[in-house]
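Below is one structure, written out as C-alpha cells; the observations come after it.
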Amino acid sequence: MIEHHDLLDRALATAKLGVWTYNQNLSTFQLSENAREIFEVETGRLTDVSELMHRFASDHDRKKYASCLEKIVETGEPQSGIFQIVCSKNHTKWVRCIGQSEQDNPIIKSIFGTVQDITDHIETERKLAETQQKYELMAKNSSDGIIIIEKEVTTFASPGFLRLMRYDTFEDYMEATKGSLRPVIHPDDKPRIRIKFKQKISERADTGTYQFRALTGDGTYIWREDHVNYHYNCQGRLEKTYAVCRNVTKRKQTEKKLRKLIKDNNWLVSTIVHDIRNPISAGVSLNSVLLEEIKNEEHIKLIKAANERLESALSLAGELLELSTMEDDNFVLEKELIQPETFLTSVISSFQATAGEHGISLQLDIKEYLPKIRLNKEKMSRAINNLVSNAMKFTPKDGHVTLHVISHNNFLQIEIFDTGIGIPPEQLPSLFDKFTEAKREGLHGESTTGLGLSITKQIIELHGGSISVSSKVREGTTFTIKLPVS
C-alpha cells in the first residue's frame with residue numbers, strides 16, 4: 001500500500017510526480033493521488049490493467065510500457081521510458097515512467113515506480129528545436145556569413161561564411177585555421193583587434209563591431225566586418241561568440257577613392273554628393289510610408305534595417321558636402337560676436353537628457369569671466385557637438401564628461417575631457433583624417449561615418465584656431481580647442 005504523507009505529497013505534486021505499484025500476481029495497479037491526476041483516473045486501485053493501458057496514445061507506447069514491466073520482473077533491473085498518453089477531452093500529455101522491482105517479498109512479484117508529467121518540458125524542447133531549425137535555415141540562406149565561436153574555437157560556420165572566406169567545406173576551413181581567428185587576421189590588424197576585443201570583454205559588452213583584413217582560402221585578403229554578440233556564463237566569463245560577417249572590401253576601396261577625390265577634386269565630390277542626396281531622401285520617405293502599411297514583422301524589420309542604411313548614407317553625403325563646401329577657396333565664414341558661457345551652456349543642455357539615460361555626469365566648468373568672441377554659431381555648435389557626442393559615446397556608466405573653459409593669452413581655451421575608454425596610441429596620428437581608420441562604434445552601439453573629427457578640425461581652423469588631443473587607454477581622452485579672442 002502507498003502511505004499518505006502530506007509533506008511528501010506536496011513535494012511530489014509540485015514536481016508533477018506520482019507514485020505507482022504494480023502487483024503482477026494480482027495484475028493490479030495502485031496509484032497515488034498525484035499519479036491518478038496525471039493519468040486522469042478516478043480510482044487509486046486498478047484491477048484491470050487495460051484501464052491504464054488504454055490511456056497510452058499508441059500501440060507502440062502500450063507495447064513499450066508492457067515490455068518495461070516484463071524486463072523489470074525478469075531481470076530485476078530498473079527501467080524507464082517516455083510515453084504519450086490521452087486524457088480527458090482527447091488532449092494528450094507526455095509522461096516519464098521509472099520502475100524498479102520491490103525486493104521485500106520474493107513471493108509477490110511487484111514493481112514500484114514513479115510517473116512524472118513532462119509535457120511542459122517536451123513542449124519547450126520542441127519549440128527550441130523549431131527555433132533552432134528556423135535559425136539554421138536562416139543561416140543557410142543568408143547572404144551574410146554567420147559563425148559561432150566557443151572557447152576561441154569555431155563550432156559553426158554557415159554556407160554564406162564559407163563562400164565569404166572561399167572554402168568548400170567547414171572541414172577545409174577548420175583544417176586551414178584550426179578554428180581560430182589568429183591565422184585569419186592580417187598581422188598589421190592583430191594588435192588593434194586584440195586591444196578592442198580585450199576592452200569589450202573587460203567591460204562585459206554585449207556587442208561589438210570589428211573591421212580587419214582576413215586571409216581567405218585562396219590565399220588573398222579581403223576586408224571583413226564582423227558584427228558580434230557576446231554571451232557570458234554565470235561567472236561572467238565569455239562562453240560563446242556569435243558573429244555576422246560581411247565582405248566590405250568594395251566599401252573600403254570606395255572610401256579610399258573618396259579620400260583621393262576629396263583631396264584632389266572637391267568640386268567633383270560636391271556635384272556627386274548633391275546629386276545622390278535626393279534619391280536617398282526619396283528612398284527614406286518611401287520606406288517610412290511602407291512601414292505604416294505593412295503588418296508583417298519580418299518585413300518591418302527588413303525595411304527598418306534598409307532605412308538605417310539609407311539614413312547612414314544620407315548622413316555621409318551631408319558630411320561630404322559640408323567638407324567640400326568648407327574646403328572651397330571661395331568659402332566665406334560669417335561670424336557674430338557672442339558670449340562664450342551662454343553659447344556653451346546652450347550646447348551642453350542639449351546633451352543632458354542623453355547623459356542621464358547613460359548614467360554619465362556632464363558638466364560645464366567656467367570659473368572666470370570670459371571675453372566675447374566672434375564665431376559662426378552654427379558651425380562651432382557642430383564642432384563642439386561632435387566632441388561632446390564622441391566623449392559620451394566612449395564613456396561608460398558612472399563616468400564623467402567635462403567642458404573646462406578659460407581665457408589665456410588672448411585665446412579662448414576649451415578642454416573637453418572624459419573618463420572613458422581612451423584611444424589607442426596608434427590611432428591618434430590619423431584621428432582627424434577623412435575616413436580615418438580610427439573610427440569605431442560607441443559603447444552603446446552608435447555608428448560613425450569617420451568624418452566627424454575631420455569636419456570639427458576644419459571648422460576650428462576656419463576660425464583661426466587649433467585642436468589637439470591627448471589620451472590614455474582606460475583612463476580617458478582630452479580634446480583641447482584654442483580660438484583667438486581678437
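When only modelled atom types and interatomic distance are considered, Asn386 and Thr456 share a side-chain donor-acceptor pair under 3.5 Å. With no hydrogens or angles considered, a side-chain donor-acceptor pair links Thr119 and Asp117 at under 3.5 Å. Side-chain contact annotation: Thr21 with Gln30, donor-acceptor N/O pair under 3.5 Å absent.
Side-chain atoms of Val473 and Pro425, non-hydrogen and from C-beta on, do get closer than 4.5 Å to each other. At least one side-chain heavy atom of Leu69 sits less than 4.5 Å from a side-chain heavy atom of Ile111. Proximity of Leu403 to Ile348: side-chain heavy atoms (C-beta onward) are separated by under 4.5 Å at one or more points. For the pair Tyr22 and Ser110, the minimum side-chain heavy-atom distance is 4.5 Å or more. Side chains of Arg96 and Thr114 form no contact here, defined as non-hydrogen atoms less than 4.5 Å apart. Ile147 is not listed as a side-chain neighbour of Tyr242, based on a closest heavy-atom distance of 4.5 Å or more. Between Val388 and Ile384, some side-chain heavy-atom pair lies under the 4.5 Å cut-off.
By the 6.0 Å and 45° rule, Lys240 does not stack over the aromatic ring of Tyr230.
Taking the charged nitrogens against the carboxylate oxygens, Glu239 and Lys151 have no contact shorter than 4.0 Å, which rules out a salt bridge.
Summarising the geometry of Asn34 relative to Gly18, their closest heavy-atom pair is CB-CA, 3.7 Å, with the distance given to 0.1 Å. Nearest heavy atoms, Ala243 versus Val228: CB-CG2, 4.0 Å.
Between Phe161 and Tyr173, the ring centre distance stays below 6.0 Å. The aromatic ring centres of Tyr221 and His186 sit less than 6.0 Å apart.
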Practice task
Tell me, with the steps shown, if Lys71 and Glu74 meet salt bridge (Lys or Arg N to Asp or Glu O under 4.0 Å).
Solution key: CA-CA 5 Å; Lys71 284 180 182 177; Glu74 291 171 3; over 6 Å; no
Exercise for the section: Let me see the working for Arg55 and Glu40 under salt bridge (Lys or Arg N to Asp or Glu O under 4.0 Å), right down to the final yes or no. Expected result: CA-CA 9 Å; Arg55 295 288 184 186; Glu40 295 189 14; 5.6 Å; no
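Under the rule for a side chain to side chain donor-acceptor pair (under 3.5 Å), the partners of Thr216 that lie at least two apart in sequence or sit in another chain are Asp218, Thr220. For the salt bridge (charged side-chain N to carboxylate O under 4.0 Å, His left out) test, residues two or more places apart in sequence or in another chain that qualify with Arg213 are Asp189.
Within a 6.0 Å sphere centred on NZ of Lys190, other residues, nucleotides and ligands contribute more than 12 heavy atoms. Counting non-hydrogen atoms of other residues, nucleotides and ligands closer than 6.0 Å to CD of Glu152 gives a total of 12 or fewer. Residue-environment remark: CZ (Arg204) exceeds the threshold of 12 foreign heavy atoms within 6.0 Å.
Partner of Gln211 under the side-chain hydrogen bond (donor to acceptor under 3.5 Å, both in side chains) criterion, chosen from Glu225, Arg192, Arg224, Arg246: Glu225. None of Asn390, Leu387, Thr395 except one satisfies the side chain to side chain contact (heavy atoms under 4.5 Å, CB included) rule with Val401; the exception is Thr395. Across Val95, Ile82, Leu17, a single residue satisfies side chain to side chain contact (heavy atoms under 4.5 Å, CB included) together with Ile118, and that is Ile82.
The OG atom of Ser361 sits 12.0 Å away from the CG atom of Asp418 when rounded to the nearest 0.5 Å.
Checking side-chain atoms of Gln84 against main-chain N and O of Phe56 turns up no donor-acceptor pair under 3.5 Å.
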